[in-house]
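Scroll down for the structure; my scribbles are underneath it.
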Amino acid sequence: MAEDPTAAMAKECKVRLKISDDTIFEVEYAVAMQSQMLKNALSDTGTDGTVPLHNISSEIMAKVVEYCAYHVNAANTISEKDVKIWDQEFLKDLDQATLFNLIMATQYMVIHNLQDLICQTVADRIKDKSAEEVREIFNIQNDLTPEEEEEIRHENQWAFEEEGWPEIQEEVRLEG
Amino acid sequence: MDESPKKELAVRRNTSSHLHRKEETPSWHLGAPVDIFFRSSPCRIVVVNAQELDHPIIYVNLIFEQVTGYRADEVLGRNCRFLQYQGSFAKTRYPLVDIRILTEICRCLSEGFDFEGERLNFRKGGSPLMNRLYIKPICNDEGIITHFLGVQSFKEANFDLSPLRGLVWKKSSGAIHTHILGDMYSQKSLFVHRDCSFKKCCPLYKVSDEVLVVNILARLTPKDVTSLGSVCHRFYNLTKDESLWKLVCQNIWGQETFSILESVARRRRLWWGKIVRELTTLEAAAWRKLTVGGSVEPSCINFSVCAVGSKVVLFGGEGVNMQPVNDTFVLDLNEDCPEWTHINVNSAPPGRWGHTLSGLSDSRLVVFGGCGRNGLLNDAFVLDLDEPQPTWREVSCSTRPLPRSWHSSCILDGTKLIVSGGCTDSGALLSDTFLLDLTMEKPVWKEINVSWRPPSRLGHTLSVLGNHKILMYGGLATSGPLRLRSSDVYIMDLSEEETRWKYVTGSMLPGGVSTCNSAPPPRLDHAAVSLPGGRVVVFGGSIAGSRLETKVYILDPMEEKPTWRILYVQGRQPKYASGHSTCLVGGTRVVVLGGHHTEDWMLTELHELCLINLKGTD
């Protein structure tokens, strides 16, 4: 082919994605290319067929498409600062389940920037939190017995101390 | 350790099977953990031939037969993996067997380490056994591994072995380390249909361990990751994952530090969890004495050293009759018996003392300035140790900084030499800062222009923080008409558009964080070392009143209010701690040589401050 196929496709093609409840999402080629997995899949099969994504629900797919579509447009036109503000807005009202479903979806579809954004958000929520607080945030049941908890706490004592290093215990002896 | 129990077993005959008799007697050196196994409960013993394909079993003891139900003649010649199949008719591994344990076993066997861990096994009839397994490589006299000894104690496992519909989280009795997983690193583990009765309200259960570790946990600090161990069993087991700690290290301390630590970790078989913990808390910091062979002759003082990989390189110094020398010596600490070797170099720079020697990335180093035979110098020479014939090459530049000695230098980004302060020919002190980018084809000295400079000084230290910051500490500084020892700390961020020196703490200037009781007294000719994470450790030096300085101090400039703390270090500190030369080798050992009043002119007795415990897994 003489002309660059991707440029032509970007303008006209829609990519069809069939998700878990059999609904079809039609997205622009450029938006779909944000996903490395789709990029690889489509380079083999072309854009005529439908790509099955059985593991992703429509709610999650909508969010993914929203993010990718914005970032395709923002790539050269919107300032980094504004993009960051948009990203924070995007994350704002997402509940736990959605966040984790998005992590799974971005892992499967290989969308690095969205995955980084969400994983960093989750990491930020865990930062500097006690074990009990982490359990509350993620609704995790404590399946450790009190003895196990005590043992683990003892093993990891240093992480619970206020300062990172032990206080000076004794004078260092000089070499004789 | 105690050789007799093993020799006894080697002789004991299994009456219902035919033993394969070995031609040679391997040397049996068993360590303490195996001894404990022998004493604690009846143990199954398995010996496999390490030199034959697929490690066939060559010996099993009576207990093995009794516990597993497999007779010796059924298992001799086979690989041990049949124990992971549920019963004698199963063709594949039971899915609840922890893949990670198996990969760990494979890794240990291929690298010749001991392995200790728990594993799910099955009897011949199909009932499960929780197997506490200890595998030890057995070497012959030439150190080649000939056999593997497996010692196993067991306990009953309480599992629901009904057909699985997906991943389940269950705990076997008493074993806190047991972790049951499906195929951990495959795509299909990302989307699993959970047993509905089981914690569907917790969204984290949908996320596989790999995703959790690589994408979320690896972004946290060591302290956060460790405290997560108390959340639940799953998290506790994840915090035991070595790959998690490797990622944490890479993320917080950078790829370069990680690569340096990796070679140390591999060589000394250290656990990453322990490395990261010890480098964070410095709880294992200890002074050690290091005796090396060879000698540095003609003996000299006021030389300079730097670290290149695992090697300590020494150049120059003041020799007999106060004449400057220009020899290059290398000491490789990776060798079993390190000794000083004189390197025959081409075109050595003119001899000098009071210069600086700094290690660039790869195997190169650069020397600058110092006092030569005919006065002070301002030339720079680079040496590549990996060249077949190492040659010092002068960095030719049209304009250079003023000639100086007793200045300080550091290397930014592995490629840029930064030089600051020092003393000129006329005896005046300097306060300028210059940068030489050695990646350029024709490097040019660039003065870093700042609106305000700290008081001029000599005998101070420059340390690098991360990729683009430098920290200056101490020295003999100008104070009006006087020169006084300084305790000031300044930081410069070279990535800023308008670079400037920021005053952090000390005693000379108003502003900055006020000092506390554990602040180090003002000093010059001390040692300063940068640790991962941007912390700086300082010790030694000449302090007022000629007291001997004994303490090690640490400062974290990233804190909101950086404060000096005293670091508790075990062991005996070098007695003479001023004017010595130091360098950080392998990211974990601060080697200290020479120093004023030392009697060790040959440099065969060195001291090192080991930041972590370098003894391998025990």
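Letters A, B, ... mirror the listed sequences (proteins, then strands); counts begin at 1.
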Q) Between atom CZ of B:R234 and atom CG of A:L144, what is the distance when rounded to the nearest 0.5 Å? A) 14.0 Å
(Q) So, taking the atom named OG in B:S227 and the one named CD1 in A:I126, what distance separates them when rounded to the nearest 0.5 Å? (A) 9.5 Å
Q) Heavy atoms, side chains only, cut-off 4.5 Å: are B:V231 and A:N142 in contact? A) no
Q | Full working for salt bridge (Lys or Arg N to Asp or Glu O under 4.0 Å) between B:R277 and A:E155 | A | CA-CA 12 Å; B:R277 169 180 168 163; A:E155 187 184 322; over 6 Å; no
Q.
When you compare the side chain of A:F138 with that of B:C232, does any pair of heavy atoms fall below 4.5 Å?
A. no
Q) Does a side chain donor of either B:Y236 or A:E149 reach within less than 3.5 Å of an acceptor in the other side chain? A) no
Q. To the nearest 0.5 Å, what is the distance between OG (B:S230) and CD (A:E151)?
A. 11.5 Å
Q: Kindly write out the residues that satisfy side-chain contact (heavy atoms from CB on, under 4.5 Å) with A:N73, not counting sequence neighbours, or none if the list is empty.
A: none
Q: Considering only heavy atoms and a distance below 4.5 Å, find which of A:R135, A:Q96, A:K127 pairs most often with chain B.
A: A:R135
Q) Taking the side chain as C-beta and beyond, is there a heavy-atom pair between B:I216 and A:F100 under 4.5 Å? A) yes
**Q.** Closest-packed option against chain B by number of heavy-atom pairs under 4.5 Å, given A:D95, A:L99, A:D116
**A.** A:D116
Q: Would you please go through residues 17-26 of chain A and name the residues with a non-hydrogen atom below 4.5 Å from one of chain B, in numerical order?
A: none
Q: Among the options A:A159, A:C119, A:A97, A:A123, pick out the one with the most heavy-atom pairs lying under 4.5 Å from chain B.
A: A:C119
Q: Return yes when atom CD of A:Q157 has more than 12 non-hydrogen atoms of other residues, nucleotides or ligands closer than 6.0 Å, and no otherwise.
A: yes
Q) Just by distance, do the side chain of B:D224 and the backbone of A:D128 share a donor-acceptor pair under 3.5 Å? A) yes
Q: Heavy-atom distances under 4.5 Å only: say whether A:D124 touches chain B with side chain, backbone, both or neither.
A: neither
Please list every donor-acceptor pair under 3.5 Å in which a side-chain atom of residues 78-88 of chain A meets a protein atom from a residue at least two apart or in another chain.
from	atom 1	to	atom 2	distance (Å)
A:S79	OG	A:D82	N	3.2
A:S79	OG	A:D82	OD2	3.2
A:D87	OD1	A:H71	NE2	2.9

**Q.** Part of A:E132 within contact of chain B (heavy atom distance under 4.5 Å)
**A.** neither
Q) With sequence neighbours left out, which residue pairs that include part of residues 114-135 of chain A fulfil the ring pair (Phe, Tyr, Trp, His ring centres under 6.0 Å) condition? A) none
Q) Between A:E133, A:Q115, A:R153, which residue shows the highest count of heavy-atom pairs closer than 4.5 Å to chain B? A) A:Q115
